[in-house]
Novice: 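Here it is, the structure in full.
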Amino acid sequence: MGSRRKKRSGGRARKRRDAATPSGATVPRKKEGPPSPKSSTNAPPDTPPGDETVWLRVVWPFVGFLLLGLALFGRALGGSFLHWDDHQFLVNNPTVHSLDFTNLWTLVSTLHQEVYTPLHHLSNALGVALWGDWAPGFHAVNILVFAVGLTVLYRLLLRLGIPTLAAILATAVYAAHPSHVESVAWITELKDVQSFAFAMGAALFHVQGTGARDQRRPTLSFALFACALLSKNTLIVLPAFLLLLDWVLCGTRLRVALVRVLPHLAVAVALVPIVGGRWQSREIMRQDPSPVLARVGDSLGHYLRAVVWPFDLSPLYPARVPRGWSGQAVAGLVGPLLLGVLCLVRRWWRTLFALGWFLLALAPMTNLVPLYYRVNDRYLILPTISLALVTAWLVTPHAAGGLRSTLDRARRNPRVGALLGAVLAVGLVWGGLSIHLSGAWTSDRALWDLATARQPNSYYAWLKKGEAASDRRAHLEAMEAYARAVRIIKLPSGFSRLFDAALRKALPNGPKDPAYKPLFAGYARVMNRPQKLLALATLLEHKRLNEPAWAALYTAHRLAPDNDEVRLRLASSWLKRLRPRRALTLLVRPPRDDDQRRRFLTYKVIALRDAGHRTQAQRLLRRAIESYPRDPVLQNLARRGPDASTIPIHPDIK
């Protein structure tokens with residue numbers, strides 16, 4: 001009887017303790033669930049830490065992760081500004097060159113590019129004030145901010161009950177992933193590492209704000225979430241992460257977790273139509289007739305492959321998406337589905353949480369609404385937090401008690417040694433890839449050489465390589481790159497601009513360089529639109545490059561021999577080449593359009609005169625003047641006589 005009374009009294013005591021627990025406190029889950037942060041031996045104490053504790057908990061981890069960042073991305077410190085958005089956001093952006101009131105108000109009150117990200121532009125303005133045009137300073141700031149984000153991620157893992165050694169290893173593996181090189185080594189993408197640091201701070205204060213003593217921390221979490229949104233608008237998915245973090249990992253009741261994340265969720269929902277409308281107005285979205293699920297599966301398949309096998313990452317990828325179902329699209333849909341079902345069956349709740357966050361973080365970039373850039377590896381900076389979580393959970397059972405005890409376990413148990421060795425090997429391989437990739441972000445030439453080597457079917461990569469070659473006066477290399485771009489894209493709308501950019505400066509031997517004809521022939525072979533060729537010919541004639549202009553018109557006439565505008569332009573080109581008899585073969589049937597008919601008569605008069613048929617030329621000139629008495633070219637021909645050397649050109653050519 002005494003033992004029964006003791007048991008009952010113990011049960012009543014437990015009930016009284018549960019009733020006394022605050023409504024927002026952490027509630028332990030079932031045995032198969034993850035450990036509660038409050039029960040962890042690594043959880044920080046509620047009392048304010050001393051100076052030594054702050055150094056051990058924050059300062060030294062930050063120093064370590066900063067050194068890790070310098071080791072991984074230090075090669076980018078010697079790089080310069082890239083013409084890929086660095087000049088647009090920094091070098092040629094007058095609003096960031098001065099911190100006066102007018103510029104600051106413009107940065108805060110104006111939409112820049114496709115979104116409203118004032119914190120990113122204010123950071124650029126502060127960088128210009130500090131460093132001027134010294135590019136290594138901007139690279140150093142990117143690495144510094146990334147190290148801050150890594151430190152906060154490390155503190156978040158500790159708060160979730162991860163042992164210190166496992167948290168350090170998981171954060172280092174996350175930092176070493178090659179997909180982060182683009183965000184850290186590219187000056188323009190300061191917004192990526194900046195939003196990452198703010199997002200991790202919001203998550204840390206959200207987790208720490210579950211107790212009754214943490215009344216101000218939810219406010220700090222919301223403020224950091226707002227800063228993350230003002231740095232990069234794709235952070236609208238962060239409230240879902242905070243909700244799952246609170247409910248699944250911290251054991252908070254779902255209703256309480258929803259109430260705590262409600263302010264974040266309201267701001268995110270309100271921002272969705274604004275961001276979508278801005279993207280559409282800036283043509284960030286594109287038309288794509290392919291099925292929605294095929295687009296989403298293709299994007300997910302790419303990102304899953306980039307996480308697992310990051311050996312062919314590139315700044316740019318081919319823009320074309322398969323019209324039907326590709327193997328990558330099927331794998332992108334079926335793979336996460338099968339893994340999710342397995343996690344449900346085996347009750348791997350933490351792995352299911354990691355998978356859910358990976359998919360949620362990629363939701364704005366999965367081409368549910370088709371985007372102009374189909375995939376970008378820098379979008380993985382937030383989804384790959386799942387890597388840190390999974391790594392931490394794998395290592396946690398074997399990493400408790402410090403480094404020495406972990407090594408002892410690894411020596412005694414081969415499976416533990418194999419697991420830790422595999423994690424270290426993956427981290428080292430990824431780190432080596434990151435060091436290699438960071439060297440490509442030092443110059444335009446190195447970057448686009450890498451992009452075209454890894455993605456030879458990317459039209460935009462060849463276009464950027466041509467622009468970089470043209471900027472350093474390597475015009476033959478630029479023309480070859482542009483020709484490769486044209487062969488891939490098959491008649492882009494900016495074709496005329498491509499060739500004009502390649503020929504905007506003279507080749508070593510001037511316009512008579514023998515490289516003109518063979519390179520232009522490569523352009524002409526892939527063209528089948530006369531209007532594009534006409535526009536190209538106009539640009540070339542502006543540059544006084546008559547040979548390439550004639551080649552464009554000749555190709556257009558072969559494609560559309562009945563086009564009156566093409567016939568007239570080619571006849572004018574033959575006259576400039578002193579081939580009047582060739583021009584006469586084109587000037588047989590007068591066009592119906594009045595302006596074209598006037599030009600037809602003018603060209604035929606000059607062709608007859610230059611071919612030696614002066615009597616016929618004079619007779620036709622009189623009839624032409626009767627029909628068009630105010631035409632200046634005809635009046636000039638009549639005034640100067642049959643020996644006039646006037647050769648009319650197209651009116652659009654100045």
Side-chain angles (χ1 to χ4, degrees), residues 114-115 177 179-180 182-183 189 191-192 195-196 199 228-229 232-241 243-244 265 268-269 271-280 282-310 312-341 343 352-387 389 455 458 460:
E114 70 274 11
V115 287
H177 197 274
S179 64
H180 303 152
E182 185 171 350
S183 298
E189 288 307 309
K191 58 186 177 182
D192 278 351
S195 61
F196 163 67
L229 278 180
K232 191 170 183 179
N233 293 159
T234 53
L235 267 292
I236 54 177
V237 298
L238 187 62
F241 177 70
L243 175 63
L244 293 175
L265 192 61
V269 170
L271 196 62
V272 168
I274 300 175
V275 174
R278 185 61 181 168
W279 282 10
Q280 193 168 9
R282 291 288 301 178
E283 297 182 356
I284 302 301
M285 300 178 182
R286 57 180 170 82
Q287 298 295 328
D288 194 335
S290 58
V292 176
L293 287 179
R295 291 199 307 263
V296 173
D298 185 80
S299 300
L300 287 177
H302 168 82
Y303 289 123
L304 288 171
R305 182 171 55 85
V307 170
V308 177
W309 188 259
D312 58 348
L313 301 183
S314 173
L316 287 171
Y317 292 89
R320 291 183 176 180
V321 184
R323 294 296 180 97
W325 287 88
S326 62
Q328 180 170 283
V330 174
L333 291 177
V334 175
L337 181 62
L338 293 178
L339 182 57
V341 171
C343 292
L352 186 62
F353 168 82
L355 176 64
W357 167 240
F358 182 83
L359 298 177
L360 280 172
L362 282 175
M365 289 80 70
T366 51
N367 286 275
L368 281 169
V369 178
L371 303 177
Y372 184 79
Y373 291 109
R374 182 174 59 91
V375 289
N376 273 313
D377 294 330
R378 62 180 179 271
Y379 295 155
L380 288 170
I381 190 169
L382 285 177
T384 47
I385 293 172
S386 300
L387 281 177
L389 294 172
Q455 298 295 328
S458 174
Y460 203 66

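Along the sequence shown, residues are numbered consecutively beginning with 1.
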Novice: Restricting to non-hydrogen atoms, name the atom on Arg374 and the atom on Gln328 that form the minimum distance, rounded to 0.1 Å.
Specialist: NH1-NE2, 4.3 Å
Novice: Considering only heavy atoms from C-beta outward, does the side chain of Pro364 approach that of Val237 to under 4.5 Å?
Specialist: yes
Novice: Can you find a pair of side-chain heavy atoms, one from Ser179 and one from Pro310, that are under 4.5 Å apart?
Specialist: no
Novice: Given the side-chain rings of His180 and Phe196, with only the six-membered ring counted for Trp, is the space between their centroids under 6.0 Å?
Specialist: no
Novice: Are side-chain N/O atoms of Tyr303 and Asp377 paired as donor and acceptor at under 3.5 Å?
Specialist: no
Novice: Between His177 and Val307, which heavy-atom pair has the shortest distance, and what is it?
Specialist: NE2-O, 3.0 Å
Novice: Work out which heavy atom in Ala228 is nearest to a heavy atom in Ala199; give both atom names and the distance.
Specialist: CB-N, 4.1 Å
Novice: Please report the interatomic distance OH(Tyr379) to CG(Leu382), rounded to the nearest 0.5 Å.
Specialist: 12.5 Å
Novice: Rounded to the nearest 0.5 Å, what separation is found between the CG atom of Asp298 and the CG atom of Leu293?
Specialist: 12.5 Å
Novice: What are the two closest heavy atoms between Leu313 and Ala306, and how far apart are they?
Specialist: CD2-CB, 3.8 Å
Novice: Which residue pairs pass the salt bridge (charged side-chain N to carboxylate O under 4.0 Å, His left out) test when at least one of the two sits in residues 378-387, sequence neighbours left out?
Specialist: Glu182-Arg378, Glu189-Arg378
Novice: For the atom pair CG (Leu229) and CG (Leu235), what is the distance rounded to the nearest 0.5 Å?
Specialist: 6.0 Å
Novice: Tell me, do Pro315 and Asn376 make a side-chain contact under 4.5 Å, heavy atoms counted?
Specialist: no
Novice: Could you report the tightest heavy-atom contact between Pro336 and Ala331, atom names first, then the distance?
Specialist: CD-O, 3.7 Å
Novice: Supply the atom-to-atom distance Ser386 OG to Trp357 CH2, rounded to the nearest 0.5 angstrom.
Specialist: 8.0 Å
Novice: Under 4.5 Å between any side-chain heavy atoms of Pro383 and Phe358, yes or no?
Specialist: yes
Novice: Heavy atoms, side chains only, cut-off 4.5 Å: are Phe353 and Phe241 in contact?
Specialist: yes
Novice: Check whether any side-chain heavy atom of Gln455 sits under 4.5 Å from a side-chain heavy atom of Leu316, and report yes or no.
Specialist: no
Novice: Does the Ser326 side chain pair with the main chain of Ala329, one donor and one acceptor, at a distance under 3.5 Å?
Specialist: yes
Novice: Can you confirm whether Leu244 sits close enough to Leu360 that some side-chain heavy atom of one is under 4.5 Å from a side-chain heavy atom of the other?
Specialist: yes
Novice: So how far is it from Leu304 CG to Leu339 CG, rounded to the nearest 0.5 Å?
Specialist: 9.5 Å
Novice: Side chains of Thr366 and Leu359: closer than 4.5 Å at any heavy-atom pair?
Specialist: no
Novice: Rounded to the nearest 0.5 Å, what's the gap from CG on Leu380 to OG on Ser183? Could you check?
Specialist: 8.5 Å
Novice: Apply side chain to side chain donor-acceptor pair (under 3.5 Å) to Ser299 and list each qualifying residue two or more places apart in sequence or on a separate chain.
Specialist: Asn367
